[in-house]
Number of protein chains: 2
Amino acid sequence: MDKIFSALASTPRRRILAYLSATSLTAGEISDRFEMSKPSLSKHLSILENAGLIMREKKGQFVHYSLKPDKLTNTLHGFAQSVCPAGAPLVKESKEIAKQRDLPTSR
Amino acid sequence: MDKIFSALASTPRRRILAYLSATSLTAGEISDRFEMSKPSLSKHLSILENAGLIMREKKGQFVHYSLKPDKLTNTLHGFAQSVCPAGAPLVKESKEIAKQRDLPTSR
DNA sequence: AGCCTATTTAACTAATAAGCTAAATAGATT
DNA sequence: AATCTATTTAGCTTATTAGTTAAATAGGCT
């Protein structure tokens, strides 16, 4: 979860995802669309891959990158649901009442 | 956008949002639920507030924090839509074809 | 083999982020 | 006024991140 949101917390990486949402591209084609050096782009790509948001497929000397679309939508939608469950009323709660609930703590 | 995803790229901050999804809480009540020092928690809260995900309301000596629920769901859903538009087919695309499209570059 | 293109890894620098303790601010209480 | 509680700000340390250039790896071409 941390890996996914960290991966998304970067404008160039979100732009990469946007490019890949239209089509799959090679590392070089992606790099062509940015000012950054190729090694920097490569690092961004590996962060996205490590987060499970994209996949790589080597074909000859080229590496083709493409989106793993379900991963992204499932994660975001699932998280939004878990934090803002539809119809959950927002109620004030005192410290005492909170103690009766079994929200996890880090202790 | 960067601010929102950066704010979400942190387990303690996502946990804070989860607590606040059930109810609004004071800074101290939130702090009680973590091992961290109060200053650290305070910083997390200000990052979340700065991202527009939560709001603070001072009442006497206490500061009450609560979720801005629309902000989170709208952002995540909107982003998921933009990157994975429903029904968009994933097609291979060569460099030449890509140039005809007007995807923005950083140049 | 030798070279050219595509991509990644290594090594480094500079900026950012997370945590801490100690001190400052602000409101409530005696 | 003095003090207590709640919360944030300041200043510091350490770890992580984004970018760089230079070198390594791997595949294709002559």
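The figures that follow rest on heavy atoms only: side chains count, while hydrogens, waters and symmetry mates do not. Throughout, protein chains are lettered first and strands after them, A, B, ... in sequence-line order, and every chain is numbered starting at 1.
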Distance in Å, B/Ile16 CD1 paired with B/Ile30 CD1, rounded so as to fall on 0.5 Å steps: 6.0 Å
Spacing of A/Lys58 atom NZ relative to C/dA6 atom C1', expressed in whole Å: 8 Å
For atom CG of B/Leu45 and atom C1' of D/dT7, their distance in whole Å: 10 Å
Option passing side-chain contact (heavy atoms from CB on, under 4.5 Å) with B/Leu76 (candidates B/Leu72, B/Asn74, B/Thr73): B/Leu72
Between the protein and nucleotides 21-23 of chain C, list the N/O to N/O atom pairs that are separated by less than 3.5 angstrom.
none

Comparing A/Gln61 and A/Ser42 on DNA chain C - which has the more 5′ nearest nucleotide: A/Gln61
Sugar-phosphate only, base, or nothing, as touched by B/Ser46 at under 4.0 Å among non-hydrogen atoms: nothing
Protein-nucleotides 15-18 of chain D N/O pairs closer than 3.5 Å?
from   : atom 1 : to      : atom 2 : distance (Å)
D/dA18 : OP1    : A/Arg13 : NH1    : 3.3
D/dA18 : OP1    : A/Arg13 : NH2    : 3.1

Heavy-atom side-chain contact between A/Phe79 and A/Met1 under 4.5 Å: yes
Inter-residue atom distance A/Ile54.CD1 - A/Arg13.CZ, 0.5 Å rounding: 10.5 Å
Short side-chain to backbone donor-acceptor contact, A/Ser42 and A/Lys38, under 3.5 Å: no
Protein-nucleotide distance (A/Lys59, atom NZ; D/dG28, atom C1'), rounded to Å: 17 Å
Contact check, side chains of A/Leu8 and A/Leu17, non-hydrogen atoms, under 4.5 Å: yes
Rounded distance (Å) that lies between atom P of D/dA26 and atom CZ of A/Arg56: 12 Å
Euclidean distance, A/Leu48 CG relative to A/Ser10 OG, rounded to 0.5 Å: 7.5 Å
Whole-Å gap separating P (C/dT7) and CG (A/Leu48): 16 Å
A/Tyr65 side-chain N/O to C/dA6 phosphate OP1/OP2 under 4.0 Å: no
Cation-pi geometry met for B/Arg14 and A/Phe5 (6.0 Å, 45°): no
Protein-nucleotide distance (A/Phe5, atom CZ; C/dA17, atom C1'), rounded to Å: 19 Å
Any A/Thr26 side-chain nitrogen or oxygen under 4.0 Å from OP1 or OP2 of C/dT7: yes
Side-chain (B/Ser46) to main-chain (B/Lys43) donor-acceptor, under 3.5 angstrom: yes
Separation of C/dC20 C1' from B/Glu35 CD (nearest whole Å): 14 Å
Nearest-angstrom distance from the residue atom CG of A/Asp2 to P of C/dA18: 10 Å
